[in-house]
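Structure, as structure tokens:
Counting starts at 1 for both ligands and their atoms, in listed order.
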Amino acid sequence: MELASIQGLKGKVSVPGDKSISHRCIMFGSIANGTTEIHNFLKGADCLATIRCFQAMGINIEETDHTITVHGNGLHGLSAPSNILDVGNSGTTTRLLSGILAGQKFESKLSGDESLNSRPMKRIIEPLTMMGANISSVLRNGCAPLYITPGDLHGIHYNSPVSSAQVKSCVLLAGLYADGETSVTEPSLSRNHTELMLREFGADIRTLHSLSGTEATAYIKPCPELYGQKITVPGDISSAAYFIAAGLIVPDSEILIENAGINPTRSGILKVCEDMGGDITLLNERCEGGEKIADILVRTSSLHGITIEGDIIPTLIDEIPIIAVMAAVADGTTVIKDAAELKVKETDRIETVTDNLKAMGCSVTPTEDGMIITGGTLHGASIHTLLDHRIAMAFSIAALVADGTTKILDSKCVDVSYPAFYDTFEQLL
Ligand code: S3P
């Protein structure tokens with residue numbers, strides 16, 4: 001994809017359904033009794049991988065243009081897959097599905113692409129093993145392929161060293177199959193879609209926040225059954241983030257992003273934009289299925305550098321590439337700290353973000369847990385996405401404010417979370 005600078009992005013966009021929520025609808029719908037009807041499901045490669053995995057375990061999932069219908073088979077209604085489950089590029093599929101597979105009476109293997117198979121899985125192998133699961137890394141390197149055989153699961157309390165919704169959700173899902181209550185404490189609250197949605201499906205699940213610090217603990221009790229739901233997936237704030245940034249940094253712009261999820265465990269990007277001086281207004285705020293939603297109006301603003309650190313990091317972890325792009329054209333210096341988790345995403349995003357910003361002429365220094373960026377003028381360059389969808393999209397926005405032409409290599413990787421990204425873009429031009 002070749003892009004050049006523009007001015008005056010104006011209009012309305014709707015972003016596709018939330019990726020995290022779309023995965024969970026399929027998973028919970030598959031192990032619920034009855035039918036789950038999903039509207040605004042994200043048909044990105046990651047969520048399609050989740051659909052294929054459950055179809056491979058005998059779940060009937062029907063797709064039409066606008067609706068996905070999952071015919072759930074109950075908590076114990078999955079059947080043994082005849083092949084290795086292919087999780088593609090998706091960490092969410094791998095980690096959440098492992099929690100469910102740990103509670104099944106059949107053996108299974110799952111494996112993904114090169115990036116997925118190099119991401120850390122010890123973080124789920126350890127707590128699942130503590131619960132009595134039999135799960136191992138086939139190559140004994142702490143990564144997928146994973147091999148899971150039946151085990152009797154016990155309720156545990158797990159103190160997670162990282163704030164990770166994938167780890168938390170994995171343990172909570174295994175907890176559905178345990179012999180007693182399971183709880184997970186994390187250093188600060190990560191996205192809570194699992195907790196909100198499992199409750200809607202009828203699970204006995206609650207979260208308590210520590211009074212003295214930032215810790216949060218989710219508790220789940222095994223339950224006899226879950227019940228199919230009708231769900232409209234909110235627009236993905238992580239996809240909206242690219243248009244929020246475009247609206248703020250492209251001169252003479254005004255963009256309305258409709259129906260975006262603004263769950264507080266996901267909306268750190270909004271606070272950061274405001275703190276950087278961005279003109280952002282939330283309109284039409286509402287709540288559906290426990291999830292907050294709003295329309296987001298953004299107008300061109302002159303941004304300034306800030307420090308981003310601490311508890312807010314888990315609420316914007318996927319948005320750091322696009323935040324870095326905004327920082328690269330803001331006035332002054334932005335410091336991003338406490339974000340070492342970036343190293344274990346689809347790529348090492350400290351490296352991919354800083355390497356590509358440098359290629360565009362930005363003054364940026366990678367650090368152990370983040371980066372330091374001094375704003376200035378960006379120049380067109382060849383962007384090496386390393387097949388990371390968020391790098392492709394973030395740098396497509398950078399291209400709009402850079403001198404000359406920017407080439408996004410392997411831009412097709414946007415299909416992972418936002419297949420219509422470039423079409424939506426054109427709509428605004
Ligand atoms: C996700 C959780 C986050 C996020 C990922 C989706 C989820 O990962 O980066 O894109 O759906 O639970 P971690 O939980 O590992 O931080």
Any donor and acceptor pair, going by atom type alone, linking the side chain of E319 with main-chain N or O of A241 inside 3.5 Å?
-> no
Can you check whether T265 reaches S190 side chain to side chain, under 4.5 Å on heavy atoms?
-> no
Looking only at atom types and distance, does a side-chain atom of D179 sit under 3.5 Å from a main-chain N or O of G155, one as donor and one as acceptor?
-> yes
Selection residues 126-179 - residue pairs positive for ring-ring contact (aromatic ring centres under 6.0 Å, His included), sequence neighbours left out | H76-Y177
Proximity of F243 and F421 rings by center, below 6.0 Å = yes
Sort out for me which residue in E346, K412, K19 forms a side-chain hydrogen bond (donor to acceptor under 3.5 Å, both in side chains) with H389.
-> E346
Lining ligand 1 at under 4.0 Å, by non-hydrogen atom distance, are residues K19, S20, R24, T92, S164, A165, Q166, R191, I317, D318, K345
